[in-house]
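Each ligand, and each atom within it, is numbered from 1 in the order the structure gives.
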Amino acid sequence: MSTREYDLVVIGAGPVGENVADRATQGGLSVVIVESELVGGECSYWACMPSKALLRAGSALRAARDVEGAAQAVTGTVDVAATLKRRDAVVHEWNDSSQAEWLASAGIDLVRGHGRMTAEREIAVAHADGTETTLRARHAVAIATGTAALLPDIPGLRDAQPWTSREATGVREVPASLAILGGGVVGSEMATLFSSFGTQVTVIARSGLLGGVEPFAGEAVARALTDAGADVRTGVQVERVERDDAGQVVLALSDGSEVRADEILVATGRVPRTGDVGLEHVGGEPGAWLDVDDTLRVRGFDWLYAVGDVNHRVLLTHQGKYQARAAGDVIAVRARGGDVDDRPWGKHVATADHSAVPQVVFTEPEVASVGHTEASARQAGIGIRVLDYDLSWVAGASTHADHYRGQARAIVDEQRQVMIGATFVGPDVAELLHAATVAIVGEVPMDRLWHAVPSYPTLSEVWLRWLEAWGR
Ligand SMILES: Cc1cc2nc3c(=O)[nH]c(=O)nc-3n(C[C@H](O)[C@H](O)[C@H](O)COP(=O)(O)OP(=O)(O)OC[C@H]3O[C@@H](n4cnc5c(N)ncnc54)[C@H](O)[C@@H]3O)c2cc1C
């Protein structure tokens with residue numbers, strides 16, 4: 001057993017752990033990162049990257065079909081084999097050598113194996129060959145171990161060998177039929193994807209699709225899925241699951257109906273990967289989400305940080321990487337005995353987690369949102385005006401597609417006269433989102449936005465329509 005000492009030990013080399021390590025290294029610390037699977041984490045190999053690579057063929061095809069001239073050139077459906085091959089290239093055939101090389105080039109040491117804290121600032125790494133390395137941290141330990149799929153406690157579900165997002169994004173044999181349990185982001189994206197592959201999809205959701213965003217977004221996605229031939233069942237629950245002798249999955253629903261499919265995908269949420277990181281040895285609770293302050297330090301500790309999915313603030317890569325930049329810098333500053341800028345919107349705090357989280361859902365249609373919805377603003381007691389606009393009415397929509405359908409909503413704080421939320425639904429709205437994020441984070445007064453002139457003819461002209469509705 002060997003022992004090595006560093007300023008910072010990071011457990012988990014997903015996108016977030018990598019960024020914590022990089023920023024702390026840039027801040028002058030010696031850093032080691034521990035990874036039990038692939039450097040790049042869930043996002044690179046079983047989540048963001050493969051899912052978006054797989055979804056793109058269907059969205060490009062739908063876009064072409066809605067433009068006279070291009071539509072005539074489209075003669076077939078999605079080529080599934082070619083799409084899977086493209087996915088394989090995007091995930092580098094599940095080989096992380098290029099990401100490991102990047103770590104080395106950034107001056108970060110990599111130790112492969114399962115990391116577990118054994119005492120304050122001490123981590124034992126169990127290697128695949130049965131040997132162990134002990135790592136000691138002079139200043140801090142950062143846990144960035146992410147999440148795993150939640151399997152709800154439904155009788156028969158585990159025995160039915162359900163898919164999680166890993167099997168769905170890593171698919172090799174596309175099933176003829178697929179039941180998807182859950183209508184959140186993962187369930188809705190996977191329903192869009194497998195529908196585009198010609199799979200008979202059934203979505204089963206307790207409430208509507210995409211809870212947490214404006215209701216018109218989930219309704220538009222449900223409509224598009226239904227138009228594509230999917231069976232979207234909302235307001236029902238699965239009570240029992242079994243795999244029959246023919247290998248089909250049979251789901252008994254709370255409304256007395258039954259669904260049969262070749263496979264079942266469970267997309268009902270995530271659990272933190274903290275069950276086996278040694279929290280019990282340092283006074284923490286194994287299996288719990290790690291509660292942190294805005295500098296990403298675990299409450300009650302002065303040496304332990306939890307960054308990314310594992311702290312349950314926002315389960316998105318870009319937001320986790322934003323936290324990672326703050327955490328890496330803060331660890332380096334504290335190690336030098338320097339002053340941390342922890343004022344709201346200061347350099348070392350992840351303030352945006354509370355008020356300006358952008359998210360794109362790559363469904364048909366796309367859903368892009370940031371900040372408050374109408375419901376969340378009202379619940380927070382903020383006096384608001386809601387500005388709604390039909391995206392198909394802007395000039396950019398008519399040049400973009402022949403039958404563009406979309407909707408945009410801005411939420412404006414009446415008292416402060418600044419935007420606090422925006423939602424766009426429609427083809428290719430993802431790139432509209434960052435302007436809204438800048439307006440919200442910058443607290444740009446509505447009057448000043450009048451002078452930010454959108455180009456003609458683009459979808460961004462919706463900003464002008466919102467301002468006209470606001471009253472200028
Ligand atoms: C299907 C799907 C699609 C998604 N699409 C998007 C998207 O389009 N955009 C977006 O922003 N977000 C998306 N997400 C969310 C995104 O994947 C996560 O927010 C992101 O991966 C979190 O990064 P992380 O580094 O915190 O954790 P992870 O990416 O989960 O990385 C954690 C790493 O820690 C390692 N690890 C865990 N325990 C240990 C241990 N004890 N010792 C050593 N190593 C350990 C793991 O092997 C893993 O490599 C998606 C999620 C899913 C499931």
Side-chain angles (χ1 to χ4, degrees), residues 9-21 32-56 94 96 99-100 110-117 123-128 133 135 141-150 163-171 180 182 184-193 265-279 286 289-290 296 306-324 327 357-363 366-368 430 433:
V9 178
V10 180
I11 308 179
V16 175
E18 286 178 317
N19 275 271
V20 175
V32 63
I33 195 163
V34 184
E35 174 53 53
S36 57
E37 293 183 87
L38 295 177
V39 176
E42 203 73 16
C43 179
S44 299
Y45 300 100
W46 299 284
C48 331
M49 296 306 285
S51 63
K52 269 78 250 184
L54 289 166
L55 281 157
R56 180 62 189 143
W94 290 274
D96 68 355
Q99 304 233 48
L110 168 65
V111 173
R112 290 192 183 270
H114 184 95
R116 191 179 293 113
M117 291 179 288
I123 289 96
V125 184
H127 306 295
T133 300
L135 300 172
V141 174
I143 299 183
T145 49
T147 58
L150 165 83
W163 282 10
T164 67
S165 47
R166 283 202 172 196
E167 286 74 24
T169 56
V171 63
I180 300 179
V185 174
V186 173
S188 298
E189 285 188 346
M190 290 301 112
T192 301
L193 170 66
L265 163 62
V266 179
T268 50
R270 312 286 300 173
V271 289
R273 292 178 68 175
T274 57
D276 194 16
V277 291
L279 281 165
W289 298 102
L290 296 174
L296 292 316
V307 198
D309 273 17
V310 79
N311 64 31
H312 208 219
R313 283 164 74 105
V314 185
L315 276 64
L316 289 168
T317 293
H318 46 272
Q319 215 65 23
K321 284 162 73 175
Y322 159 74
Q323 294 174 10
V357 175
Q359 172 162 33
V360 177
V361 188
F362 292 84
T363 39
E366 273 175 11
V367 176
L433 189 60

Would you tell me which option among Asp309, Val16, Asn311, Asp276 has the nearest heavy-atom contact to atom 18 (C) of ligand 1? Asp309

Atoms of ligand 1 close to Leu316 [distance to a heavy atom under 4.0 angstrom, numbered from 1]: 10 (C), 11 (O), 12 (N), 19 (O)

Looking only at distances, can you tell me whether any N or O atom of Thr169, backbone or side chain, sits closer than 3.5 Å to an N or O atom of ligand 1? no

Should Arg116 and Asp276 count as an ion pair when the cut-off is N to O under 4.0 Å? yes

Under 4.0 Å, heavy-atom basis, I'd like to know which part of Val277 is in contact with ligand 1: side chain, backbone, both or neither. side chain

For Gly14, the ligand 1 atoms with a heavy-atom partner under 4.0 Å come out as 25 (O), 31 (O), 33 (C)

Please list, in number order, the atoms of ligand 1 under 4.0 Å from a heavy atom of Gly41. 29 (O), 31 (O), 48 (C), 49 (O)

Has ligand 1 got any nitrogen or oxygen that is less than 3.5 angstrom from a nitrogen or oxygen of Arg270? no

Give a yes/no on ligand 1: does Gly320 have at least one heavy atom closer than 4.0 angstrom to it? no

Close N or O approach (His318, ligand 1; < 3.5 Å): yes

So which bit of Glu42 gets within less than 4.0 Å of ligand 1, heavy atoms only: side chain, backbone, both or neither? both

Give the single entry among Ala324, Gly308, Pro15 that approaches atom 23 (O) of ligand 1 most closely by any heavy atom. Pro15

With a cutoff of 4.0 Å, is Val185 in contact with ligand 1, counting heavy atoms of the residue only? no

Salt bridge check, Arg166 against Glu42: does any charged N sit closer than 4.0 Å to a carboxylate O? yes

Say whether Gln323 and Asn311, considering side chains only, have a donor N or O and an acceptor N or O under 3.5 Å apart. yes

Please confirm whether Ile11 comes under 4.0 Å of ligand 1, counting heavy atoms of the residue only. yes

With a cut-off of 4.0 Å, which atoms of ligand 1 are near a heavy atom of Ser36? 36 (N), 39 (C), 43 (C), 44 (N), 45 (C), 47 (O)

Would you indicate which of His114, Gln323, Glu35 comes nearest to atom 48 (C) of ligand 1 when only heavy atoms are counted? Glu35

Show me which atoms of ligand 1 lie under 4.0 Å from any heavy atom of Gly113. 42 (N), 43 (C)

Any non-hydrogen atom of Ala149 lying under 4.0 Å from ligand 1? no

Quick one: does ligand 1 sit under 4.0 Å from the side chain of Met190, the backbone, both or neither, non-hydrogen atoms only? neither

Give, for atom OG1 of Thr268 and atom CG of Leu150, the distance between the pair rounded to the nearest 0.5 Å. 4.5 Å

Interatomic distance, CZ@Arg112 vs CD1@Ile33, rounded to 0.5 Å, equals 11.0 Å

Between Glu37 and Arg273, does any NZ, NE, NH1 or NH2 come within less than 4.0 Å of an OD or OE carboxylate oxygen? yes

Residue-level breakdown please: for Lys52 versus ligand 1, do any non-hydrogen atoms fall below 4.0 Å on the side chain, on the backbone, on both, or on neither? side chain

For atom 51 (C) of ligand 1, which candidate among Ala47, Ala126, Pro50 provides the closest heavy atom? Ala47

Per-atom contacts of ligand 1 with Leu38, taking only distances under 4.0 Å to non-hydrogen atoms: 49 (O)

Quiz question: by atom type and distance under 3.5 Å, do the side chains of Thr164 and Arg270 form a donor-acceptor pair? no

Side chain, backbone, both or neither: which part of Ala144 comes within less than 4.0 Å of ligand 1 when only heavy atoms are counted? backbone

Contact partition for Ser165 relative to ligand 1, non-hydrogen atoms under 4.0 Å: side chain

